[in-house]
Each structure stands twice: as C-alpha cells, then as structure tokens.
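In listed order, ligands and their atoms are each counted from 1. Because the structure is predicted, anything quoted here is derived from the model rather than measured. Residue numbers run from 1 in the order of the sequence given.
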Amino acid sequence: MSTMIVEPANAAQTIDPGSNAAESKQVKFGKADGFMQALRTRIDVYFAETNQSKRDHPRMYLKTAVILTWLASAYVGLVFGGFTWPVCLGLAIALGVAMAAVGFNIQHDGGHGAYSKSPIVNNFMAFTLDVLGGSSFIWKRTHNIVHHSYTNVTGVDGDIDLGVLGRLSPHQPRFAYHRFQHLYLWILYGFITFKWQFRDDAMALIRGRVGETRVPRPRGWELAKLVTGKLLFFTLAFVVPLSLHSWQSVALFFFVASFAEGVLMSVVFQLAHVVEHAAFPEPEPGSMKIENSWAVHQVETTVDFARNSWLATWFTGGLNFQIEHHLFPQICHIHYPAISKIVEETSAEFGVSYHAHPTTSSAIRSHYNWLKKLGQSA
Ligand SMILES: [Zn+2]
C-alpha cells in the first residue's frame, strides 16, 4: 500500500491511527507547502494572546443546555401534551429543527473531539447521534476520516454521492432526468435521515464497509453503545408514542420531524461543498495523486457562507465557517468566526482560493445554480 501524504499537523486531527483511510483508493495529496504550518502557528498565537482554550468553552455548555431543553420540550409537548393536530404539526417541525441543531452543534463537535479536552465528554456529546437514530461509531469512520480527508473527491467522498438520484460533481454521469434535479433534490434531501436511520448504518455493519472504506465490526464498549443507542431511539421514537397514540399519527409526526431534520442537515452540507466556486479535483488516474497539499485542497473544495450572521453561526454550529472547520476540526466551533480572519488572510498570502457567500440566501441560490448547471450540461 502506498503512503498517503498528508501534512503531519493534520494527520493527527483528521485521521485516526489505525484507520483505513489510506485504503480509500489510496488518494495522495501533494507535499506540504508551508500553508498549514503558517496557519497553525498563527492560530496558536491567537489562542495564546487571547488566553483562551480551544475546547471546553462555557458558551458551548450553555448552548447545549438550551438546545437539549428545546428538544425535550418539543418532544414532551408532542407526545404527552394532548394538543390539537395543527399544534402537534408545529411541535413536530420544532422537534426536527432541534434534532438538526443537536447534530450541528453537540454531536458534531463531540464526534470531532472539539467539544472538550475530556474524551468522556466528547463521547457523551457524540452519543446524541445514536439517540437520534444514527451511529457515532460509523460516523467517526465516514465523516471524520473519509469526508474530512478526501473532500469532494468523486468516488471517494460519500457525502457527494447521491447515486443515480443526483449529479453533484462534474465527474459523475449525467442522466436525462438530472435536468430537473435543481427542483426535485430539495424534496429528496428530507429523506436522508430515514436513509441513515433505517438503511445505511445497518448496511455498513452487515457489509463491514461504506463505499471503499472498511468499517470494522464494533466490539465491547462500542457495541454496547451502538445497541443502547438503537434501543433508546426506537423507544423514544416509536414505543412510547405508540403507547399513547394511533400508529397513523405516530407515523405522520415521525415523518414530519425527520423530514425537517433531513432537509436542514442536507442543505447546510450542500452549501459548504456543492456550490459554484467549490473545486472537485480529480486524482491522476494512475498515481491517484492530487496536486494540491491536503490543506489547500480543504480550502478550495469548501465555501463559507453568512459569516456575519449570528443566527446562521449559532444554529449551524459554525458549519457556515466550514473552511475553518475542515482545517481545524478539533477546535470548538465557537472560535471559528475569529479564526476565519486569520485563515482568509493566510490564504490570500499563499495564493489559495478562499470563497465565502455573503448570506445564507446567496449560498442557497449558488447551490441551486450548481445543480441546474450540472443537470443540464455534460
Ligand atoms: Zn466535520
């Protein structure tokens, strides 16, 4: 197996020791060019000068309490409130939006080890994904390793692979019906949660792989967490509601909440990587080498949005600063607005293309335009 070249500073941040990331078609990046080293030095100086810790920010604990209270209130109101159906519809949407907020803010930082210095706290926060019907065990191997290392590399990054349903990368095949994908994909995005709740995790465990990446079978503590998570999810989503309500209303409101969660999660992801200005580099066919260094690749395949919006930053857990997240996934997202200035300036200095859409709506328009372009031209 050939050695994957990553800048040493990032290897520790994004790739687990003992992972099978290098198996992913053995994509290799260009040699370190000093860009990441300069960024790391400047970011470290920023934290030293402002006397802040990269993790365990008090605002994160407060934010977690607010979001979990919101989630619990919507759930309790919906299941035990005895409200009329229009109120229940509103509560189901509020529950879905809260579930997305848990994913963006709590699970994502925990899963990356960005929440706290304590692995116990990080694992506890990451476990919120299991309670929502996913698997933190599988997520750490697909999102943390594959998506974060091989961002927008067609055939490797599973996050840009919708199969035959959509064409997100110019290197994917185009089918006639893709000319309407800028219209229909928004609806399909809502089904992504059902897909991982009921299909993807089970398939990953049965096959022992996701795409090209091997997923080892969970054992011991990891297996116990996975089983406990699934039991909690099915109890909260179905067993408790079905003891009080008809299966039709349980199915309807489960659908509404999961659909709202799916649309929000998919769209926030797409706005960062599947828009105009995001690069989709192809490795050289023989050597599987990508010319840019890993860090330059991360910046050029990612686009920030709405950097001046407090609401976008708060709700998406800093995923509107996705360039900064991809470079420094182990720094708590509370710090991204401040460090984005350093990243933007350093990118300009090194001639790296740094792009940001000014608002959420301009980023949504850009995703729409990209889908339309790829659906209508080869
Ligand atoms: Zn991430």
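- Salt-bridge check for D44 with K54: passed, with a basic side-chain N closer than 4.0 Å to an acidic carboxylate O.
- Around the Zn ion (ligand 1), protein N, O or S atoms at less than 2.8 Å comprise H108 NE2, H112 NE2, H143 NE2, H148 NE2, H325 NE2.
- D109 has no carboxylate O lying under 4.0 Å from a charged side-chain N of R55, or vice versa, which leaves the two without a salt bridge.
- Using a cut-off of 4.0 Å between Lys/Arg side-chain N and Asp/Glu carboxylate O, E349 and R42 are scored as salt-bridged.
- Hydrophobic clustering of Ile, Leu, Val, Met, Phe, Trp and Tyr side chains at less than 4.5 Å, counting indirect connections, unites F321 with L39.
- A salt bridge links E344 to R307: one of the charged nitrogens lies within less than 4.0 Å of a carboxylate oxygen.
- You'll find the side chain of M265 stays beyond 4.5 Å of the side chain of Y189, heavy atoms only.
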